[in-house]
2 protein chains.
Amino acid sequence: MAGLLKNAYPWIKLPLIVSAPMLNAATPALAASVSQARGIGFLAGGTKPAELDDLLARTTALFDSASPLRRGPNDTLPFGVGFQNWGCKLDAMIPMFRKHRVAAIWLFAPKHLSDFASWAREIRAVSDGYTQVWIQVGTVMEALEVMRLARPDVLVVQGTDAGGHGLRQSASIISLLPETKDALEAIGFHNVPVLAAGGIVEARGVAAALSLGADGVVMGTRFLAAEEAGIAKGWQNEIIRVGDGGATTKRSTLCDRLKETVGWPEHYDGRAVTNKGHLDEEGGLSDAENVRMYKEELKQGDEAWGDHGRMVTYAGTGVGLIKQRRPAADIVEETSTGALNILQRYARMANSKL
Amino acid sequence: MAGLLKNAYPWIKLPLIVSAPMLNAATPALAASVSQARGIGFLAGGTKPAELDDLLARTTALFDSASPLRRGPNDTLPFGVGFQNWGCKLDAMIPMFRKHRVAAIWLFAPKHLSDFASWAREIRAVSDGYTQVWIQVGTVMEALEVMRLARPDVLVVQGTDAGGHGLRQSASIISLLPETKDALEAIGFHNVPVLAAGGIVEARGVAAALSLGADGVVMGTRFLAAEEAGIAKGWQNEIIRVGDGGATTKRSTLCDRLKETVGWPEHYDGRAVTNKGHLDEEGGLSDAENVRMYKEELKQGDEAWGDHGRMVTYAGTGVGLIKQRRPAADIVEETSTGALNILQRYARMANSKL
């Protein structure tokens with residue numbers, strides 16, 4: 001399976017580290033740095049083709065100026081683009097897929113799982129099959145249904161520890177990943193690479209994901225603390241400050257309501273650091289009043305982040321393991337190599353009966 | 001750390017597999033089988049000293065008849081007892097701790113964390129220090145506080161994937177375990193063995209837990225499918241039938257309300273397979289009516305289990321990985337040896353650059 005990944009993305013180093021397509025946060029600099037460090041960097045496609053056109057052009061320029069030779073098969077661009085499908089029109093995006101032949105397009109959160117079928121078909125058609133289709137799922141049922149409908153080249157399995165949007169109800173990868181792998185194999189899909197996402201922020205999590213059967217990992221929250229991340233300083237400071245991620249983050253739809261984002265299918269919510277907005281909601285505050293206070297605090301800029309405030313700090317449960325801002329390339333190197341070191345150390349202990 | 005465990009529990013095989021102290025489900029036969037298979041089996045202490053006296057005597061007899069020589073240091077009994085502290089009186093239990101010197105007593109869910117201090121002190125006093133104190137936590141904060149208050153000999157870190165009771169809000173072990181380890185080390189507790197619990201049901205989960213830094217694992221749900229488990233046939237059938245554990249189980253206090261269990265501190269709930277009782281509650285059914293229908297169905301026995309019914313099926317998210325009923329000894333052997341095989345295989349792949 002690792003071999004399949006290496007064929008499709010010849011520049012990568014194993015175990016594969018991927019940066020998630022986080023809206024706005026996944027800048028051209030972040031995506032390019034991750035791919036240059038031999039991971040796979042993703043942009044977030046958004047909903048506007050002209051904006052995506054610009055993002056893709058800037059990322060390509062950044063990548064080529066640093067390492068012009070390291071491309072995918074048939075000169076595909078060595079990074080990917082991810083979409084939140086429910087808010088996105090396929091027809092509008094097709095010209096972008098044709099113009100910028102990226103290595104992978106990552107699909108997530110459609111109105112109906114069956115929407116993946118047409119996206120996968122069109123992506124393959126306009127890229128002559130060179131752009132691979134990645135699909136993100138959060139349950140075993142979704143994984144099986146998505147394989148049947150769209151035969152993704154890579155499956156991203158997201159556990160409930162993940163920051164930002166995901167399924168309201170799900171398991172962590174500790175059980176979700178192996179159960180999904182077994183279910184895929186039981187229906188004959190032995191050969192689809194499976195990447196683990198959710199709660200992985202450093203080498204131990206990567207090693208654990210590999211032990212569970214993952215062929216690589218996706219990290220979101222960890223890359224929010226990359227120097228290249230396109231997020232407010234206040235948000236990034238919170239990622240570094242907050243500890244005890246299971247106690248200090250929770251899944252909720254409040255952040256969508258505060259930002260007045262409408263349209264997420266109802267079985268999704270998002271994990272964020274809890275703050276005054278969440279507390280006030282529990283205390284019975286109306287959405288209208290919560291939104292009003294949120295907007296008021298927005299004007300304060302970076303100072304408004306923190307548990308005293310109301311700003312949206314999407315983060316996974318691994319947030320407590322993130323202690324400093326780092327260049328994205330260092331994060332890729334440290335987590336990939338670190339995971340191998342851990343597995344080798346344990347195997348040595350195993351050989352000596354621990 | 002593995003060495004510390006081996007000194008305290010000389011009969012164990014590494015990596016250590018522990019069966020959780022599940023009320024009623026953890027029978028003398030289950031505890032004895034797990035310890036005979038070189039894990040550590042736990043009984044559930046309950047609240048009545050006379051019942052515990054009987055359980056301990058039966059477990060000792062079972063163990064001694066099978067392997068009279070394999071005991072702990074100073075002839076401690078090679079198994080443990082666990083308590084849900086909120087419902088349990090220390091004074092009443094002390095005579096049992098004196099009479100049956102078990103290898104370990106496991107404490108969990110006190111009214112106040114500070115209650116652990118007197119329990120730990122008394123257990124050590126009446127056992128001349130030979131009975132080790134295990135404490136279960138679910139956040140980093142709890143781990144640090146518990147170390148300060150009671151200096152447990154072993155810390156059990158339970159993630160949110162666990163079946164049955166645990167913290168309402170927590171992370172899975174994917175991030176909770178490494179963050180807890182780091183936090184303990186940061187305040188000088190390098191030497192407390194940490195066991196991972198929650199979502200681990202087979203070898204891949206054990207290997208993942210070790211990769212995350214655990215010194216061993218605890219499994220509950222998996223041992224519900226052991227031949228020796230003391231649960232209704234209907235419940236056990238459900239454990240084997242149910243798949244997609246993240247989608248089909250959830251955390252709730254409904255099961256306590258159905259069983260009219262009163263007194264759990266409010267930050268605890270329990271993970272169980274969702275069924276008609278949960279659906280009706282979402283639909284607005286009153287507790288009184290839900291309890292009435294639950295009691296009515298109880299009379300049907302094993303037939304009442306299933307998603308068509310209302311019986312309580314505590315289970316972790318790993319439930320979908322459990323496919324058959326097995327002797328407890330086979331479960332211990334398969335998960336412990338299987339985890340080592342996985343780590344060795346990955347290390348070989350790492351050596352050949354995957």
Side-chain angles (χ1 to χ4, degrees), chain A residues 2-3 6 14-15 138-141 159-161 167 169-179 181-183 198-202 204-213 243-247 249-250 316-321 339-351 353-354, chain B residues 2 6 14-15 138-142 159-161 167 169-179 181-183 198-202 204-213 243-247 249-250 316-321 339-351 353-354:
Chain A
K6 193 84 182 150
L14 299 173
T139 64
V140 179
M141 183 280 289
T160 190
D161 292 275
L167 292 183
Q169 196 182 335
S170 174
S172 91
I173 58 166
I174 193 80
S175 58
L176 177 60
L177 204 289
E179 192 185 350
K181 290 275 289 186
D182 289 352
I200 303 166
V201 295
E202 34 93 287
R204 286 169 288 187
V206 177
L210 297 176
S211 301
L212 293 167
D244 212 352
T249 69
K250 76 168 187 180
T317 64
V319 66
L321 287 158
L340 292 188
N341 292 341
I342 287 168
L343 292 168
Q344 285 170 324
R345 189 169 73 234
Y346 277 91
R348 275 198 302 276
M349 289 164 70
N351 283 329
K353 303 266 171 215
L354 290 175
Chain B
K6 193 85 182 150
L14 298 174
T139 65
V140 179
M141 183 281 286
E142 278 193 349
T160 189
D161 292 275
L167 292 183
Q169 197 183 333
S170 173
S172 91
I173 58 166
I174 193 80
S175 57
L176 177 61
L177 204 288
E179 192 185 351
K181 290 275 289 187
D182 288 353
I200 304 165
V201 295
E202 34 92 289
R204 287 169 288 186
V206 177
L210 298 176
S211 301
L212 292 167
D244 212 353
T249 69
K250 76 169 188 179
T317 65
V319 66
L321 286 158
L340 293 188
N341 291 342
I342 287 169
L343 293 168
Q344 285 169 324
R345 189 170 74 234
Y346 276 92
R348 275 198 302 275
M349 290 164 69
N351 282 330
K353 302 266 171 216
L354 290 176

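Everything numeric in this text was worked out from a predicted model, so none of it was measured. Proteins come first, then strands; the chains are lettered A, B, ... in the order of their sequence lines, and each starts at number 1.
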Measure across B:Ser211 and A:Ser211 and return the closest heavy-atom pair with its distance rounded to 0.1 Å.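 Result for this residue pair: OG-OG, 3.1 Å.
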When rounded to the nearest 0.5 Å, the distance separating OG1 of B:Thr317 from CD of A:Gln169 is 11.0 Å
If you tally heavy-atom pairs under 4.5 Å against chain B, which of [options] wins?
| options | value |
| --- | --- |
| A:Val140, A:Asp244, A:Leu212 | A:Asp244 |
| A:Asn341, A:Asp161, A:Val206, A:Leu177 | A:Asp161 |
| A:Pro178, A:Gly245, A:Gly316 | A:Pro178 |

Is it the side chain or the backbone of B:Ile173 that comes within 4.5 Å of chain A heavy atoms, both, or neither? side chain
Of all residues at least two apart in sequence or in a different chain, which pass the side chain to side chain contact (heavy atoms under 4.5 Å, CB included) check with A:Ser170? A:Thr160, A:Leu167, A:Leu176
Which residues share a side chain to side chain contact (heavy atoms under 4.5 Å, CB included) with B:Val319, sequence neighbours left out: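 Partners of B:Val319 by the side chain to side chain contact (heavy atoms under 4.5 Å, CB included) criterion, ordered by chain and then number, come out as B:Thr221, B:Ile239, B:Val242, B:Thr249, B:Ala315.
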What I'd like to find out is whether the side chain of [X] reaches to under 4.5 Å of the side chain of [Y], using heavy atoms alone.
| X | Y | result |
| --- | --- | --- |
| B:Val201 | A:Ser175 | no |
| A:Ile174 | B:Ile174 | no |
| B:Arg204 | A:Asp182 | yes |

By a 4.5 Å heavy-atom criterion (distance strictly below it), what part of A:Ile342 contacts chain B: side chain, backbone, both, or neither?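 It is the side chain, since no backbone atom gets that close.
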Any side-chain to backbone donor/acceptor pair from A:Glu179 onto B:Leu321? Under 3.5 Å, distance only.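 A pair under 3.5 Å: no.
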Heavy-atom pairs under 4.5 Å with chain A are the metric here; pick the option from B:Gly159, B:Gly318, B:Gly320 that has the most.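 Top option by heavy-atom pairs under 4.5 Å: B:Gly320.
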